[in-house]
Every structure is written in structure tokens, then in C-alpha cells.
Number of protein chains: 2
Amino acid sequence: MPLRKPLQDELNAFHAEICGALADTRRIAILYELAEGPKAVGELVSALDVPQATVSRHLKVLRERQMVTAQRDGAHVIYALADERIIAALDLLREVMRDILSRRAALAQAMTLEAS
Amino acid sequence: MPLRKPLQDELNAFHAEICGALADTRRIAILYELAEGPKAVGELVSALDVPQATVSRHLKVLRERQMVTAQRDGAHVIYALADERIIAALDLLREVMRDILSRRAALAQAMTLEAS
DNA sequence: TTCATTTATTCGCCTATCCGAATATATACA
DNA sequence: TGTATATATTCGGATAGGCGAATAAATGAA
């Protein structure tokens with residue numbers, strides 16, 4: 001039985017919010033860094049070579065959507081992935097991406113051949 | 001061996017583009033509609049109850065990112081999912097979403113009890 | 001308390017993206 | 001050709017989201 005439409009819309013809106021958190025180059029990099037294990041903000045900053053304020057702002061986005069957890073440890077704050085399935089989903093999309101890229105490469109190849 | 005950083009950044013940017021296509025309520029609804037099978041634009045319009053121009057614009061975004069395919073059939077254009085794994089990824093994120101929502105519900109519950 | 005370190009937030013500015021409305025294009029058929 | 005149907009695009013305005021720079025807040029140690 002399908003959901004009532006307004007409810008379905010609301011779920012989709014939340015779903016879009018989750019996806020929106022993934023729709024940024026730096027946040028993707030952060031999530032993959034955290035996939036290796038919990039890290040302090042400073043570690044992320046040096047690993048990604050991005051300004052500290054920028055990393056903090058992105059972490060806030062991920063935190064608000066509960067995709068990462070934050071735990072203070074003295075002067076440091078340790079961030080961790082809240083759910084491994086986020087990485088699983090990203091990996092799945094990376095596979096799709098790879099196929100899209102190889103289709104494009106094949107097309108470029110065909111065009112090159114045709115032109116010669 | 002890790003990828004060279006600029007290359008990694010470029011991959012992440014593409015990855016973010018793919019995720020960006022998923023970061024919209026209506027596009028999510030469209031993708032789930034197409035998960036049931038190929039559909040013409042008009043069918044999507046009536047299924048989703050969204051203006052035709054809006055559906056077309058969103059389809060364009062999905063088409064450009066090669067997440068759906070379009071095939072003209074007379075006056076109609078039939079759209080289809082380009083890759084089932086897109087739905088798999090969305091489903092995975094929906095599971096994460098469900099857990100986030102239930103954590104929130106539990107928190108709300110706890111706050112209610114404490115207040116009484 | 002004062003200073004150093006680590007992290008978070010705020011302020012403009014700029015760009016991207018969404019929408020509704022209107023319009024354009026493509027096809028089928030008389 | 002002319003008309004109806006199906007789909008796509010464009011325009012202008014509103015909103016969201018990104019960034020750099022500056023600043024604030026939290027903690028630890030002298």
C-alpha cells in the first residue's frame with residue numbers, strides 16, 4: 001500500500017536533505033577520511049589541505065544531519081562516521097560513476113576514430 | 001597507493017555532481033517512479049502531480065548526468081533509469097535515514113518523559 | 001589570570017539552483 | 001497545410017549554499 005502523498009513528499013524531502021549533505025566535494029572527502037577511522041578536526045584539515053574554518057563549516061552540516069558524530073576530547077574534537085552505510089552508498093554511486101565515465105570515454109574514442 | 005590529490009579532487013567533484021542530482025525532492029520522486037519501469041513524461045507528471053515544465057527541467061538534470069535515458073516514441077519521450085544501482089544507493093540512504101529518525105523519536109520520547 | 005592551541009561561528013559577497021509563467025519545438029493526424 | 005498533443009526551453013526573481021576573512025569560544029598549561 002503506497003504512502004499518503006504528503007507523507008511521501010516529506011520523506012523525499014528528508015531524503016533529499018541527506019543526499020544534499022553528500023553533494024559537495026569537500027564533504028565527500030571528509031566522509032572518506034572518516035571512513036578510515038575517527039579523526040580530530042586538525043587531522044582532517046591537514047589530510048585534506050583545506051582551511052580550518054571550511055572544514056568546520058562542513059562538519060557542522062554533516063553533524064546537523066547526523067551523518068557524523070562529534071566527541072570532545074580536551075581541546076580536540078573527534079569526529080566519526082555515524083553510519084557505515086553512508087560509505088556503502090557513496091561507493092555504490094562511485095561504481096555508477098565509473099560506468100558513466102567509461103561510456104563517455106568510449107564515445108570520445110568512437111568520435112576520434114570517425115574523424116580520422 | 002592513493003590517487004594524486006588533484007585527480008582525487010576531480011573524482012570527488014564528479015561524485016558530488018552525481019549526489020547533487022539526488023539532492024532534490026522531485027528528482028528523488030522521479031527516480032523512484034522510474035524504478036517501477038520506463039515511463040513517458042506525461043505519466044510522470046500525473047503520477048507526481050507536478051507541473052510539466054518542472055518535470056522536464058528535472059529530467060534534463062538527470063539526463064545530463066546520465067542517470068536516466070530518454071527515448072523518443074512518436075510524440076512521447078520514454079524515460080528509464082540508466083542504472084539500478086542508483087536506486088540501491090537511494091535505498092541504502094533511506095535505511096540510514098530511518099535510523100536517524102528513530103534516534104530523534106527516541107530523544108523526543110525521553111524529553112517528554114523527563115518533563116512529566 | 002594570561003597565553004597558546006584547537007575548534008566554531010559570523011559577515012559579506014558571489015554563484016548555483018529552484019520555481020512559475022510563458023514560449024518554443026516536435027510529432028501525429030486531418 | 002493547420003491543429004492538437006506531448007515535451008523542452010527560456011526568463012526573471014527568490015532562495016540556498018559556498019567561500020575567505022575575521023573573530024569568538026573552549027580547553028590546557030604556565
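Computed from heavy atoms alone, side chains included, the values below leave out hydrogens, waters and symmetry copies. Lettering follows sequence order; numbering is per chain, from 1.
Taking atom NE2 on A/His58 and atom C1' on D/dC19, their separation rounds to 8 Å, with Å as the unit. In this structure, A/Asp49 places its CG atom 11 Å from P of D/dG20, rounding to the nearest Å. A/Arg27 has its CZ atom 15 Å from the P atom of D/dA16, to the nearest Å. When the P atom of D/dA6 is taken as reference, atom NZ of B/Lys39 falls 17 Å away, rounded to whole Å. Taking atom CG of residue B/Asp24 and atom C1' of nucleotide D/dT15, one finds them 14 Å apart after rounding to whole Å. Distance A/Lys60 NZ to D/dC19 C1': 15 Å, rounded to the nearest Å. Atom P of nucleotide D/dT5 and atom CZ of B/Arg72 are separated by 17 Å, given to the nearest angstrom.
The closest side-chain heavy-atom distance from A/Arg27 to A/Leu62 is below 4.5 Å. Side chains of A/Glu95 and A/Arg98 form a contact here, defined as non-hydrogen atoms less than 4.5 Å apart.
Of the residues near DNA chain C, B/His76 and A/Leu59, the one whose nearest nucleotide (by heavy atom distance) lies more toward the 5' end is A/Leu59. Ranked by how close their nearest DNA chain D nucleotide is to the 5' end, B/Val77 and A/Pro51 are led by B/Val77.
Enclosure of atom CD in A/Glu10 is not indicated, since only 12 or fewer non-hydrogen atoms of other residues, nucleotides or ligands lie within 6.0 angstrom. The environment of CD in B/Gln71 is sparse: at most 12 heavy-atom neighbours from other residues, nucleotides or ligands sit within 6.0 Å.
In this structure, A/Arg85 pairs ionically with A/Asp83, as a charged nitrogen and a carboxylate oxygen lie closer than 4.0 Å.
Under the 4.5 Å side-chain contact rule for hydrophobic residues, B/Leu81 and B/Val41 share a cluster.
When all heavy atoms of B/Thr25 and A/Asp9 are compared, the pair lying nearest together is CG2-O, 3.8 Å.
Between the side chain of A/Arg57 and the base of D/dG20, a donor-acceptor pair under 3.5 Å is found. Taking only distance into account, the side chain of B/Gln52 never meets the base of D/dA6 through a donor-acceptor pair shorter than 3.5 Å.
Residue contacts for A/Thr54: at a heavy-atom cut-off of 4.0 Å it reaches the sugar-phosphate backbone alone, with no base atom in range. Here A/Ala53 lies in heavy-atom contact (under 4.0 Å) with a base.
Of the side-chain N and O atoms in B/Tyr79, one or more sit less than 4.0 angstrom from OP1 or OP2 of D/dA8.
First and last contacting nucleotides of DNA chain C toward chain A (any atom under 4.0 angstrom from a heavy atom, 5' to 3' order): C/dT6 to C/dT10.
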